[in-house]
Student: 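Please read through the structure below; I'll follow up with questions.
This is a predicted model, so every value here is computed, not measured.
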Amino acid sequence: MMKKLLSIVLTVLVGLNACVQTKKDSEIQGSVFYLGTYTEGESEGIYKYLLDDEGVIQAKGLMAKADNPSYLAFSKDRKVLFAVDEVNRDSTGEVRSYSVGEDTLQLISVTSSGGAHPCHISVSDDGQIVVANYTGGNLGWLSATKDGLLSNLLSVTQHEGSGPTDRQLVPHAHSAWFVGDEVISCDLGTDELWIYDKLFNLKQKVAMTPGAGPRHLCAHPNGEWLYVVNELNNTVTRVAMEGGQWEAAESISTLPDDFEGDSFCADIHISSDGRFVYASNRGHNSIAIFSVGAVGDLSLLANESVRGDHPRNFVLSPDEKFLLVANKNTQNIVVFNRNAETGLLTFVSEINALSPVCILFE
């Protein structure tokens, strides 16, 4: 009788333990993200990670081998991942598309980017694709089917011009973004925003401060303000819609007043409520945190150390509870908790990662 009772108790305990374990497993479920890297060192391509609800990252492994997949983008339905190969093969790089599986990225197609060293890719909701080719100084225009099959190049738009510094002897298209019915490209070499319609026609150019080196941008939710991060002079410039045209407005430094040394901006993002803008500094190695004023003007609130060297891309988690930074030189990804009311950041965790460049949440 006693043995039978003991057996029943053990069975119950095992069942309870299984329930607890199942609960623990479900609790660690979080947000999946993919990491684009540079592959001159030990990295082999695109990796997968999981960010749990406490801000801790788990590595899930290599998903696809590729050469310098330095920037990533998703299709609207998140079933296809697009990546650039930031290389120069006979004066062109490549674009790849992958179907997204449970634990795999399956290659669908590969095509030319239209210029050397593609460093940025954007995908519209209807499958149009624009690629910024840094060394080529141009934009490659493509499209993709719903299943992710890439077209051949539809067009290549060559930028022209230069800037006052030795980094600006020729055009350097550094990014291109779908903003409303337009495509807006930041050209570091010419100190301009190049603005196109979706038929590849140039509509307008916006001149930035000479020597600024515009690199990336983000758009305010109201659709009337853009914030452009300038790599070379470490500023963010507000660009405002006035009378149907974009016009450069005021600029603000991303660095504290007492900083001395070399630093270069990399990336910029805005919170979905439009209240805070964040920009990364390579050299000062910080995230600059700005509040957005009533007319779109920025005020520097703080500079948060990234706990590493050479922060490239950074990103807000889907719920905007966390901000993740990819530090290329120290090969780590750092997670910060983001206070939605103050905009400020608090360190949570970090993980080693091979030559991290671009973080893309699923």
Side-chain angles (χ1 to χ4, degrees), residues 29-51 57-89 92-134 139-154 175-178 267 312-315 317-318 324 326 328 333 353-362:
Q29 297 303 306
S31 301
V32 169
F33 68 87
Y34 293 87
L35 180 70
T37 67
Y38 282 132
T39 56
E40 290 90 350
E42 296 180 18
S43 175
E44 296 183 85
I46 302 171
Y47 294 81
K48 182 178 179 179
Y49 293 84
L50 177 71
L51 175 71
I57 296 175
Q58 299 177 23
K60 295 299 182 180
L62 177 68
M63 293 293 111
K65 291 187 176 182
D67 291 333
N68 289 343
S70 64
Y71 207 88
L72 313 175
F74 270 125
S75 60
K76 181 181 179 181
D77 61 10
R78 297 295 200 268
K79 293 181 178 179
V80 179
L81 184 145
F82 300 93
V84 300
D85 281 3
E86 191 175 332
V87 297
N88 183 357
R89 298 191 182 103
T92 189
E94 293 178 336
V95 180
R96 295 173 181 261
S97 61
Y98 301 88
S99 61
V100 179
E102 181 73 22
D103 290 306
T104 62
L105 290 176
Q106 187 68 40
L107 183 65
I108 300 171
S109 57
V110 183
T111 193
S112 169
S113 70
H117 294 121
C119 59
H120 187 268
I121 183 170
S122 290
V123 183
S124 71
D125 288 348
D126 60 358
Q128 293 191 70
I129 297 172
V130 60
V131 183
N133 297 299
Y134 180 83
L139 303 182
W141 305 81
L142 309 92
S143 65
T145 66
K146 185 177 181 180
D147 295 330
L149 182 65
L150 290 164
S151 70
N152 292 324
L153 279 167
L154 302 176
S175 63
W177 312 80
F178 289 97
D267 199 10
R312 296 282 301 223
N313 173 241
F314 68 93
V315 67
S317 62
L324 284 67
K328 184 178 76 71
I333 300 173
L354 297 173
S355 299
V357 181
C358 178
I359 300 170
L360 179 67
F361 274 96
E362 191 172 68

Student: For S124 and D126, which I'm curious about, is there any donor-acceptor pair between the side chains at under 3.5 Å?
Tutor: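 Distance-only check passes for S124 and D126.
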
Student: How are the rings of Y49 and F33 set relative to one another: parallel (under 30°), tilted (30 to 60°) or perpendicular (over 60°)?
Tutor: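 Rings of Y49 and F33: parallel, under 30°.
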
Student: Which heavy atom of R312 sits nearest a heavy atom of P356, and at what distance?
Tutor: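 Minimum heavy-atom contact is CG-O, 4.4 Å.
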
Student: Do side-chain atoms of T37 reach the backbone of T39 as a donor and acceptor pair under 3.5 angstrom?
Tutor: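 Side chain of T37 to backbone of T39: no pair is present.
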
Student: For L51, does its backbone N or O pair with a side-chain atom of S31 as donor and acceptor, under 3.5 Å?
Tutor: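 Side chain of S31 to backbone of L51, a donor-acceptor pair under 3.5 Å: no, none is there.
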
Student: Salt bridge or not for R78 and E362, using N-O below 4.0 Å?
Tutor: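 Judged by the 4.0 Å cut-off on N to carboxylate O distance, R78 and E362 do not form a salt bridge.
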
Student: Can you tell me how far the CH2 atom of W141 sits from the CD atom of Q128, to the nearest 0.5 Å?
Tutor: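 If I round to the nearest 0.5 Å, the distance is 8.0 Å.
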
Student: One pair to check against side chain to side chain donor-acceptor pair (under 3.5 Å): D77 and S75. What are the steps and the verdict?
Tutor: CA-CA 6 Å; D77 61 10; S75 60; 2.8 Å; yes

Student: Give me the atom names and distance for the closest heavy-atom approach of A353 to L35.
Tutor: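 Smallest heavy-atom distance, with atoms named: CB-CD2, 3.9 Å.
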
Student: Where do P118 and V131 come nearest, in terms of heavy atoms and distance?
Tutor: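 Of all heavy-atom pairs spanning P118 and V131, the closest is CB-CG1, 3.6 Å.
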
Student: Name all residues meeting the side chain to side chain donor-acceptor pair (under 3.5 Å) criterion together with S99; count only those two or more places apart in sequence or in a different chain, and write none if there are none.
Tutor: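 For S99 there are no side chain to side chain donor-acceptor pair (under 3.5 Å) partners, ignoring immediate neighbours.
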
Student: Which atom names give the shortest non-hydrogen contact between Y98 and A66, and what distance separates them?
Tutor: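 Looks like OH-CB, 3.8 Å.
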
Student: Parallel, tilted or perpendicular: which describes the rings of F74 and Y34, with under 30° parallel and over 60° perpendicular?
Tutor: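 Rings of F74 and Y34: perpendicular, over 60°.
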
Student: Please evaluate residues L153 and L142 with respect to the criterion side-chain contact (heavy atoms from CB on, under 4.5 Å), reporting the C-alpha separation (whole Å), side-chain torsions for both, the decisive distance (0.1 Å), and the verdict.
Tutor: CA-CA 5 Å; L153 279 167; L142 309 92; 4.1 Å; yes

Student: What's the verdict on side chain to side chain donor-acceptor pair (under 3.5 Å) for S97 and S109, showing C-alpha distance, side-chain angles and the deciding distance?
Tutor: CA-CA 5 Å; S97 61; S109 57; 2.7 Å; yes

Student: To the nearest 0.5 Å, how far apart are OG in S70 and CD1 in I46?
Tutor: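 CD1 of I46 is found 10.0 Å from OG of S70.
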
Student: What is the distance from atom CG of L50 to atom NZ of K60, rounded to the nearest 0.5 Å?
Tutor: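 L50 CG to K60 NZ: 5.5 Å, rounded to 0.5 Å.
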
Student: Using a 3.5 Å distance criterion without hydrogens, assess whether the side chain of N133 forms a donor-acceptor pair with backbone atoms of G93.
Tutor: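 No, N133 side chain to G93 backbone: no donor-acceptor pair under 3.5 Å.
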
Student: Would a 4.5 Å heavy-atom cut-off, applied to side chains only, mark I129 and L150 as touching?
Tutor: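 Yes, side chains in contact.
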
Student: Mind listing the side-chain donor-acceptor pairs of residues 100-108 below 3.5 Å, one per line with the distance, residues two or more places apart or on another chain?
Tutor:
none

Student: Apply side-chain contact (heavy atoms from CB on, under 4.5 Å) to E40 and list each qualifying residue two or more places apart in sequence or on a separate chain.
Tutor: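 Counting only residues at least two positions away or on another chain, E40 forms a side-chain contact (heavy atoms from CB on, under 4.5 Å) with Y38, N68.
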
Student: For the atom pair NE2 (H117) and OG1 (T92), what is the distance rounded to the nearest 0.5 Å?
Tutor: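 Here the rounded value is 10.5 Å.
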
Student: Nearest 0.5 Å, what's the CG-CD distance between N88 and E86?
Tutor: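 Nearest 0.5 Å value for the CG-CD distance: 10.5 Å.
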
Student: Would you mind reporting whether L360 and L81 have side-chain heavy atoms less than 4.5 Å apart?
Tutor: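 The answer is yes, as the side chains (C-beta and beyond) meet within the 4.5 Å cut-off.
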
Student: Which pair of non-hydrogen atoms, one from Y134 and one from C119, has the smallest distance, and what is that distance?
Tutor: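 For Y134 versus C119, the nearest heavy atoms are CB-SG, 3.8 Å.
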
Student: For the atom pair CZ (F314) and CG (L324), what is the distance rounded to the nearest 0.5 Å?
Tutor: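 So the gap between those two atoms works out to 11.0 Å.
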
Student: Please check if the side chain of S143 supplies one atom and the backbone of S151 the other of a donor-acceptor pair under 3.5 Å.
Tutor: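 Here the side-chain-to-backbone pair does not exist.
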
Student: Tell me whether N313 contacts the main-chain N or O of I359 through its side chain, where contact means a donor paired with an acceptor under 3.5 Å.
Tutor: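 Flag set: sc N313 to bb I359 pair under 3.5 Å.
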
Student: Could you pull out the closest heavy-atom pair between K48 and V32, with the gap in Å?
Tutor: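 Shortest heavy-atom contact: CE-CG1, 3.5 Å.
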
